[in-house]
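In what follows, a structure is listed as structure tokens, so that the remarks can point back to it.
The model shown is predicted, which means the values in this text are computed figures rather than measured ones. Throughout, numbering of the chain's residues begins at 1 and tracks the sequence. Basis for what follows: all heavy atoms, side chains included, without hydrogens, waters or symmetry-related copies.
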Amino acid sequence: MQLEGKWKAEEMVEPTVAKDINCCRIGFIVSTITLPLHVIIPVIGTFIYAYINAPFAAWDCMDMYFDAIHMDESLQREELKLWNRGMYSTKYLGFGFVAILLETIPILGPSLCSLGNACGAALWACDMEARGRPMALQELASMDDKSRALV
């Protein structure tokens with residue numbers, strides 16, 4: 001993407017720990033509260049835990065891409081459709097669900113699958129760029145075009 005001029009190194013913002021903590025705060029709280037499902041209830045509890053925490057895992061994996069395209073937190077929430085419409089985007093839900101299940105594999109999960117999840121998120125980001133950015137930014141651009149047409 002950098003070769004095509006879509007990402008410019010000088011425009012990249014260095015991620016801060018405070019920003020990451022702020023974005024992932026709700027995900028951490030939900031993960032901590034739902035952890036007993038994963039630990040106490042065999043098999044089914046793991047799937048329930050993965051389903052509940054999937055959007056937050058997907059958000060965490062895609063956070064670097066969102067930062068690279070200067071997407072603020074409210075647009076990130078809109079993209080994930082976590083709080084705005086009260087429903088999850090199936091793409092993010094599916095990605096996060098599989099990411100969590102892979103990372104729960106003992107020994108290999110946290111080491112190998114975390115790297116695989118990061119690579120999957122990077123490939124997904126390239127696909128989004130090829131299709132014209134995330135949907136939230138496309139909707140924002142179309143609303144701006146409509147408001148300009150009215151003036």
Side-chain angles (χ1 to χ4, degrees), residues 1-2 4 6-9 11-41 43-144:
M1 305 278 45
Q2 190 173 10
E4 295 175 11
K6 294 182 180 179
W7 286 356
K8 296 177 178 73
E11 292 179 7
M12 295 285 286
V13 177
E14 187 70 29
T16 63
V17 174
K19 189 255 179 203
D20 286 340
I21 288 172
N22 190 30
C23 282
C24 297
R25 180 181 60 228
I26 296 170
F28 177 75
I29 292 169
V30 171
S31 180
T32 304
I33 291 171
T34 58
L35 187 62
L37 289 172
H38 174 61
V39 176
I40 296 171
I41 305 170
V43 184
I44 295 171
T46 302
F47 285 105
I48 295 169
Y49 172 83
Y51 181 80
I52 293 170
N53 291 290
F56 303 108
W59 188 3
D60 189 36
C61 288
M62 296 300 287
D63 187 45
M64 204 129 176
Y65 167 65
F66 293 151
D67 288 344
I69 60 173
H70 305 290
M71 219 172 151
D72 65 352
E73 189 176 343
S74 63
L75 279 175
Q76 290 179 24
R77 284 188 196 145
E78 172 66 25
E79 176 67 20
L80 286 148
K81 293 181 179 29
L82 284 175
W83 295 279
N84 201 13
R85 294 189 187 127
M87 57 188 228
Y88 300 124
S89 171
T90 55
K91 292 179 183 179
Y92 287 96
L93 185 64
F95 181 81
F97 185 77
V98 172
I100 289 176
L101 286 180
L102 288 173
E103 288 182 5
T104 58
I105 298 171
I107 301 169
L108 295 177
S111 57
L112 293 178
C113 294
S114 294
L115 180 61
N117 293 339
C119 291
L123 289 171
W124 189 10
C126 289
D127 187 47
M128 279 187 193
E129 283 292 319
R131 285 186 287 122
R133 299 271 172 128
M135 292 302 292
L137 289 178
Q138 291 176 6
E139 289 177 10
L140 184 67
S142 69
M143 288 181 356
D144 286 345

CZ on Phe95 to CE on Met62, rounded to 0.5 Å: 7.0 Å

Distance in Å, Thr32 OG1 paired with Phe28 CZ, rounded so as to fall on 0.5 Å steps: 3.5 Å

Phe47 side chain reached by Leu101 side chain, heavy atoms, under 4.5 Å: yes

Under 3.5 Å: donor-acceptor pair, side chain of Ser114, backbone of Ser111: no

Value rounded to 0.5 Å, distance of CD1 in Ile44 from CG in Leu37: 11.5 Å

Whether Asn117 side chain and Cys113 backbone form a donor-acceptor pair below 3.5 Å: yes

Thr34 side chain reached by Asn53 side chain, heavy atoms, under 4.5 Å: yes

Any side-chain heavy-atom pair of Tyr49 and Ser31 under 4.5 Å: yes

Shortest non-hydrogen contact from Cys61 toward Ala121: O-CB, 3.6 Å

Heavy-atom side-chain contact between Ile33 and Ile52 under 4.5 Å: no

Minimum heavy-atom distance between Pro110 and Ile105, given as atom pair plus value: CD-O, 3.5 Å

Side-chain donor/acceptor of Gln76 to backbone N/O of Met71, under 3.5 Å: yes

Interatomic spacing from CD1 in Ile100 to CZ in Phe56 - rounded to 0.5 Å: 9.5 Å

